[in-house]
Protein chains: 2
Amino acid sequence: MQRYTGQKRLLVAVDCIVFGFDGQSIKLLLVKRSIEPYKNKWSLMGGFMQPDETPDDAANRVLEYRTGLKNVYLEQLHVFGSPDRDPVERTLSIAYFALIDINKYEQQLVDEFHAEWIEIKDLPELIFDHGDMVRMAKKQLRYKAALHPILFHLLPERFTIPQLQALYEGIFQAEFDDRNFSRKVLSTGLLVKLPEKDKQSSKKGAFYYRLNQTEYLENFDSFLNFVPNPDKLLTENL
Amino acid sequence: MQRYTGQKRLLVAVDCIVFGFDGQSIKLLLVKRSIEPYKNKWSLMGGFMQPDETPDDAANRVLEYRTGLKNVYLEQLHVFGSPDRDPVERTLSIAYFALIDINKYEQQLVDEFHAEWIEIKDLPELIFDHGDMVRMAKKQLRYKAALHPILFHLLPERFTIPQLQALYEGIFQAEFDDRNFSRKVLSTGLLVKLPEKDKQSSKKGAFYYRLNQTEYLENFDSFLNFVPNPDKLLTENL
DNA sequence: ACAAAAGTGTTGTTTTTACACCCATGC
DNA sequence: GCATGGGTGTAAAAACAACACTTTTGT
């Protein structure tokens with residue numbers, strides 16, 4: 001077998017910034033590091049890339065191992081590679097951000113892995129450069145969410161418009177006009193109205209909706225402002 | 001010195017997708033690979049990451065070595081890590097895309113490094129997964145350019161509005177209304193009118209402009225559509 | 001009947017778009 | 001003086017924001 005000679009090889013890890021939403025606030029899933037140094041300090045969920053994996057494979061594996069969840073919304077964020085970011089040994093880390101429905105997360109795993117959902121407003125100090133990763137992930141989440149309908153991944157299959165609005169308000173730290181919000185959301189054609197209502201949070205009750213999967217996939221890229229003829233631009237040839 | 005035991009280390013490279021614009025068409029700077037296998041096949045400019053470098057350092061180094069240019073607009077795109085992407089040995093590649101003023105590129109380097117500016121419409125087959133990298137870079141360029149004023153990096157310091165329009169039309173493969181285009185661009189306040197005109201391409205002549213560096217930095221994130229209160233969203237706390 | 005939240009209708013404002021037309025200049 | 005692009009003016013259309021008001025239902 002051939003090899004490239006004279007080049008140094010290095011460790012590569014993946015770290016996942018896992019977002020959740022409990023109806024009130026945005027949270028991150030953190031774990032306590034199990035090995036020295038920094039044992040028991042807060043950390044993102046991570047793991048080393050294995051020889052036969054792609055980076056996406058590795059991130060999915062880590063996520064499934066730690067949360068029991070498959071088919072999670074997962075997006076490669078950025079490679080962090082400062083030579084001294086890990087004091088043990090030089091390690092490159094590919095950061096991913098994930099959006100999961102917090103209700104699907106098995107509470108038992110909190111104990112098993114010393115994991116914890118922690119409000120994003122009140123994060124503890126994190127090891128290595130994980131704080132930078134979180135900062136970038138927050139920024140990217142807003143960026144993406146402003147242009148694409150990704151926040152649905154943080155909600156259960158069935159949700160109400162007011163729930164969706166609370167989520168958007170949490171993410172963007174802004175209050176939206178209720179009436180305009182629901183109209184705008186509905187006008188996208190992404191939602192399917194269900195017959196039942198949620199009676200928990202109001203007397204009148206709010207109808208449940210679910211995502212129209214087909215529309216979701218088709219309209220994922222509908223956005224743009226600076227340039228006319230939006231839509232398909234990103235899929236067409238340059 | 002401590003080490004993580006039982007983990008495989010791997011090679012990490014950077015590859016740069018370098019965009020240029022000659023007034024007519026969008027081009028990529030490609031090189032002929034100098035080593036076996038695939039010697040003399042078309043390739044992106046790349047190199048291995050060195051022990052003391054960050055990925056950004058490595059990309060800048062590769063770019064300066066091959067083009068002689070510093071302070072180029074460079075953005076990390078994506079990590080490509082399919083286990084068999086390089087037949088010689090497993091190698092992770094961090095892809096970067098770069099925007100350079102094609103006029104600043106020294107023509108002599110074309111010879112020195114067997115580099116070539118090739119129209120993006122007419123690319124040859126590339127080694128490894130470089131074709132995928134280019135595809136993603138094209139998409140990302142459009143995406144970013146639709147929301148942020150980055151295309152100026154492809155132009156000389158002084159440029160005319162019609163030149164800028166030709167560039168946008170090239171990138172988005174669409175025709176824009178001249179009158180609306182110039183008004184829209186001017187309304188951003190990003191451009192400073194210079195006293196001279198370019199008389200090359202028309203009898204009346206078009207005024208030269210340059211970028212207002214301060215405004216550029218301040219307004220880089222001004223965009224957004226789906227969510228009210230645009231601007232500062234990305235820099236504020238979540 | 002009343003309070004409280006969901007959701008619809010209406011209206012004024014701003015942003016886009018389309019396009020007529022004027023401007024400056026080289027030939 | 002006329003052809004050629006550069007650039008301004010204007011009006012119609014579309015998108016957006018603000019907010020009055022109606023609807024539903026638990027107490």
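The sequence lines fix the lettering, A, B, ..., with proteins before strands; numbering per chain opens at 1.
- Between the side chain of R183(B) and the base of dT15(C), no donor-acceptor pair of N or O atoms lies under 3.5 Å.
- Rounded to an integer number of Å, the gap from CZ of F207(B) to C1' of dA24(C) is 10 Å.
- Listed by chain and number, the residues in a salt bridge (Lys or Arg N to Asp or Glu O under 4.0 Å) with K144(A) are E75(A) (sequence neighbours excluded).
- K197(A) forms a cation-pi arrangement with F207(A), by the criterion of a distance under 6.0 Å to the ring centre and an angle within 45° of the ring axis.
- Note: F176(A) and Y168(A) have tilted aromatic rings, judged against thresholds of 30 and 60 degrees for the angle between ring planes.
- Applying the salt bridge (charged side-chain N to carboxylate O under 4.0 Å, His left out) rule to pairs touching residues 148-167 of chain A yields K104(A)-E157(A), R158(A)-E196(A), sequence neighbours excluded.
- Following rounding to the nearest Å, D178(B) (CG) and dC22(C) (P) show an atom-to-atom distance of 18 Å.
- You'll find that the side chain of P162(A) is closest to dG7(C), out of dG7(C), dG6(D), dA18(D).
- Listed by chain and residue number, nothing satisfies the salt bridge (Lys or Arg N to Asp or Glu O under 4.0 Å) test with K199(A) (two or more places apart in sequence, or in another chain).
- D132(B) is linked by a salt bridge (Lys or Arg N to Asp or Glu O under 4.0 Å) to R135(B), counting only residues two or more places apart in sequence or in another chain.
- K193(A) places its NZ atom 14 Å from the P atom of dA6(C), with the value rounded to the nearest Å.
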What string of B, S and - do you get for nucleotides 20-27 of chain D, 5' to 3', when a contact is any protein heavy atom under 4.0 Å? BB-BBBB-
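- At the heavy-atom level, S201(A) lies under 4.0 Å from the strands shown only through sugar-phosphate atoms.
- If you take CZ of F176(A) and P of dA18(D), they are 12 Å apart, rounded to a whole angstrom.
- When the P atom of dT16(C) is taken as reference, atom CZ of F181(B) falls 14 Å away, rounded to whole Å.
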What pairs of donor and acceptor atoms, side-chain ones from residues 23-32 of chain A against any protein atom, are under 3.5 angstrom apart with sequence neighbours left out?
unit_1 : atom_1 : unit_2  : atom_2 : d
S25(A) : OG     : E119(A) : OE2    : 3.4
K27(A) : NZ     : D22(A)  : OD2    : 3.2

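- Atom CG of D177(B) is separated from atom P of dT16(C) by 14 Å (rounded to the nearest Å).
- Per the geometry, CD belonging to E175(A) stands 13 Å off P belonging to dA18(D), to the nearest Å.
- In this structure, the CG atom of D198(A) is 9 Å from the P atom of dA6(C), given to the nearest Å.
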